[in-house]
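Shown next, in structure tokens, is the structure this report addresses.
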Amino acid sequence: MAEIKTRIKIIKRNGNKEEFDPEKIKRAIRKSAERAMLTLTKEAEDKVVKIVLDYLETGTSDVEVSQIHNCVESALERVNPLVAKSYREYRNYKINFVHVLDKVYEKARKISYLGDAENTTTDTALVSTQRSLTYEALNKELYKKFFLAKEEIEACEEGYIYIHHMDARRDTFSSSVFDIGSIFKNGFWLSNVWHDEPKTLEEALFLMGHIIIHAASMQYGDMTIQEIDKLLEPYVLKSKEKYKKEYLEMNNGEDGAGSYVEKKVKEEAKVGYQNLQYTINTLTARGDFPLITFSFGHEENENALLISETILEVHQNGWGKDGYKQPLMLPKIVFLYDKNIHGEGKSLEWLFLKALDCSAKVMYPDYLSLTGKGYVPLMFKQYKKIVSPMGCRAFLAPWYPKGGLKPLDNKDKPVFEGRFSIGVVSLNLPMIYAKAQETHTDFYEVLHDYLEMIRKIHLKTYQYLSKRKASIFPLGFCEGGFYGGHLKLSEAIEPVVKTATASFGVTALNELQELYNGKSLVEDGAFALEVMKYINDVIQEYRERDGYLYVVYGSPAENLCGLQMEQFKRKYGNFGLREKEYMTNSFHCAVWEDISPILKQDLEERFWPYFDGGKITYVRYPIAYNKKAMKTLVTRAMDKGFFAGVNMALSYCNNCGHEELDMDVCPKCGSDDLTKVTRISGYLTYAKVHGQNMLSRAKTIEIAERKSV
């Protein structure tokens, strides 16, 4: 082989010649095997090279690169046809790259001149956002070309599956519960600058803002700071000590020190949290707003309670000049409800009532039950571990330090903080059902094919991300932001990635049921439940086979709801679906159903056990600020073990400052210069700003038709 290597010359595309190198062939076919989720043995690699050399020996000593490609492809067909297929799809990438750039150019033109309503957290009027979206368009095309198999691309383009955030999946990971407490401890490096552990609450809130903006730019999706009241508690104490010392230096004796310290710390907490809000509502380096969530409300000591009260008061007061205050969209805040301390007559019932007052004004906080029924309450009851949602609705599956997916013994307690998801791939169940009907194939057989396809995509993602170096995000992988994140810059992040979840998303159960027997989830739902049981059983089997934390996720489908309906109609027409421009989110009842909030809770409760990887339930309050009804429904949701939200169509007149639910013209001054705030899925967002619509057509229609959500 070495002798022939010196004799054969390869004529490159630029006309230059170089000696034949079998290692280049091995590297190329190895990559092709990886893209096909296969591994070629050394013997197989050597066999391919030998076959190629046998082909070349029959010709001249000088061969074109294209001839080498043909020989390799033919050799692979004899050794492993699947790898040959992968090699063939990849080899013409330079030709295809022209088409990729054409697509990116068209997308860039659309963004520049027409805007982009696909993401409710971006402002496409800004040049920084336009630049970022253009890069994301390129990254999406590169991901499709070099990461996905042909069948996977076709499934996405036709609409049977949807890979969320294709523009970022090659680079990084998705939603997280970020461990700022671990970063603070003993100091940390941020962007090559050393920071000591904060010495006061003011410093802690200031540094937290910078950490959040930095960290949010390194991932896509949502980021949660769990139990922010508990996290900031020691820094409240440090500020108290500072102000007590300050008082004693100015006065003789301690008389009056208590009230002075309390006043100063409350002021510091309020101003510090307001500044943190300002920071979070600043665009990241990507040109979007960081989707940040704070959970709080379970700590009973006075220092933590100061943080909880401050959060609620600042959110409830809103932002803006006097008479024109409006709620900020970020951060999302989640109240951790424990019936044993927040229930009627309990020690922190007053804090729960304060949270309800805040929700009645600005819709936040959402409420997470720790003591009802289901997965999250089970983790709390069994281990005293809180499972905060990663933003909108995603939840981490438990990871056990000793046992991994399952506890090794009764001392092996799950870890949630400092972990993340590698992303979501969602099923379009109505399309899958329609395909089964059209091809006269068993529905579950077709569904299993697409579940298997998603599994393979997740496996490729785990394997790809595991090889990345800690240097891609030092704050997370080297400074302790993630569980196990104390690696060296040059080390692979595989030990951290193995604790991540991967989500199988589900949308449009209502439309699936409708295709099955013409009935909605309100009218029936039995088939949808049967399907969800099947999906959960398959995912559990995948977990045990692969050793990864696969979860089932109720996809929020903010603008996907319109895309999926468009894809369905393009392929199958109406095919038994009522004439709508959008699919229904995950397991929710259809928004147009005129049902009571209590019935909505009961109907959606059926599906709650099947979506441990992501779920939320919320109801619409069409009557102005009915706090009694709100308390009844939120408490009822907490007894059921829900993650529950409040939904009202808040409207604000920018001309006179009048605020009212669901107005299109100000009844006070007649202006249509309004800002409208609504809940899109799990997050609040601006539906209109100064009267200008900020959402896609399908989502705008969906909001207009809402009766029960």
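Position 1 is the first residue of the sequence, and the numbers go up from there.
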Looking at every non-hydrogen atom in both residues, tell me the closest pair between [X] and [Y] and how far apart they are.
| X | Y | value |
| --- | --- | --- |
| Ile280 | Ile213 | CA-CD1, 4.5 Å |
| Val314 | Gln274 | CG1-CG, 4.0 Å |
| Leu509 | Ala528 | CD2-CB, 4.0 Å |
| Asp171 | Asp167 | OD2-O, 4.3 Å |
| Leu674 | Val665 | CD1-N, 3.9 Å |
| Val177 | Gln226 | CG1-CB, 3.9 Å |

Ser388 side chain to Glu227 side chain, donor-acceptor N/O pair below 3.5 angstrom: no
Glu705 versus Tyr582, side-chain donor and acceptor atoms under 3.5 Å: yes
Strictly distance-based, threshold 3.5 Å: is any side-chain N or O of [X] a donor or acceptor partner for the main-chain N or O of [Y]?
| X | Y | result |
| --- | --- | --- |
| Ser671 | Cys666 | no |
| Asn428 | Gly159 | yes |
| His298 | Leu370 | no |
| Ser359 | Pro365 | yes |
| Glu511 | Thr584 | yes |
| Ser555 | Thr507 | no |
| Lys707 | Ala590 | no |
| Asn585 | Cys561 | no |
| Thr310 | Lys270 | no |
| Ser520 | Val522 | yes |

Just wondering, do [Y] and [X] contact through their side chains at under 4.5 Å, heavy atoms?
| X | Y | answer |
| --- | --- | --- |
| Lys332 | Tyr364 | yes |
| Phe335 | Met638 | no |
| Leu684 | Pro327 | no |
| Leu205 | Asn275 | no |
| Phe416 | Ile386 | no |
| Asn647 | Met363 | yes |
| Gln513 | Val531 | no |
| Pro430 | Met583 | yes |

Chi angles and distances behind the side chain to side chain contact (heavy atoms under 4.5 Å, CB included) call for Glu581, Met565: CA-CA 6 Å; Glu581 292 198 34; Met565 183 60 84; 5.5 Å; no
Salt-bridge criterion met for Glu579 and Lys569 (N-O under 4.0 Å): yes
SB check Glu313 Lys354 (cutoff 4.0 Å): yes
To the nearest 0.5 Å, how far apart are [atom1] in [X] and [atom2] in [Y]?
| X | Y | atom1 | atom2 | result |
| --- | --- | --- | --- | --- |
| Ile228 | Leu276 | CD1 | CG | 6.0 Å |
| Thr675 | Tyr686 | OG1 | OH | 7.0 Å |
| Tyr143 | Arg170 | OH | CZ | 10.0 Å |
| Leu650 | Glu660 | CG | CD | 11.5 Å |
| Lys615 | Cys392 | NZ | SG | 14.0 Å |
| His164 | Tyr220 | NE2 | OH | 10.0 Å |

Salt bridge (Lys or Arg N to Asp or Glu O under 4.0 Å) between Arg393 and Asp222, intermediate numbers included: CA-CA 9 Å; Arg393 65 180 65 198; Asp222 316 283; over 6 Å; no
Tyr324 OH: over 12 foreign heavy atoms closer than 6.0 Å: yes
Geometric class of the Phe587/Trp608 ring pair [parallel <30°, tilted 30-60°, perpendicular >60°]: perpendicular
Parallel, tilted or perpendicular: rings of Tyr572 and Tyr160 (30°, 60°): perpendicular
Residue pairs, two or more places apart or on separate chains, that pass salt bridge (Lys or Arg N to Asp or Glu O under 4.0 Å) and touch residues 671-696: Asp366-Arg679, Asp662-Lys676, Asp664-Lys676
Phe607 and His588 aromatic centres sub-6.0 Å: no
Distance flag, aromatic centroids of Tyr375 and Phe395, threshold under 6.0 Å: no
Of Gln316, His315, Glu659, the residue whose pairing with Lys361 passes side chain to side chain donor-acceptor pair (under 3.5 Å): Glu659
Partner residues of Tyr553 under the ring pair (Phe, Tyr, Trp, His ring centres under 6.0 Å) criterion, sequence neighbours left out: none
Those residues that, when tested against Tyr278, pass ring pair (Phe, Tyr, Trp, His ring centres under 6.0 Å) (two or more places apart): Trp319
Test log, rule side chain to side chain contact (heavy atoms under 4.5 Å, CB included), inputs Ser176 and Gln219: CA-CA 9 Å; Ser176 67; Gln219 65 166 77; 2.7 Å; yes
Side chain to side chain contact (heavy atoms under 4.5 Å, CB included) evaluation trace for Glu604 with Leu521: CA-CA 9 Å; Glu604 293 185 355; Leu521 292 183; over 6 Å; no
Residue that, paired with Tyr337, satisfies ring-ring contact (aromatic ring centres under 6.0 Å, His included) out of Tyr367, Phe296, Phe352: Phe352
CA sep, side-chain torsions, deciding dist, call: Thr279, His210, side chain to side chain contact (heavy atoms under 4.5 Å, CB included): CA-CA 8 Å; Thr279 302; His210 285 276; 5.9 Å; no
Test salt bridge (Lys or Arg N to Asp or Glu O under 4.0 Å) applied to Arg578 and Glu514, step by step: CA-CA 9 Å; Arg578 66 187 72 202; Glu514 191 175 306; 3.2 Å; yes
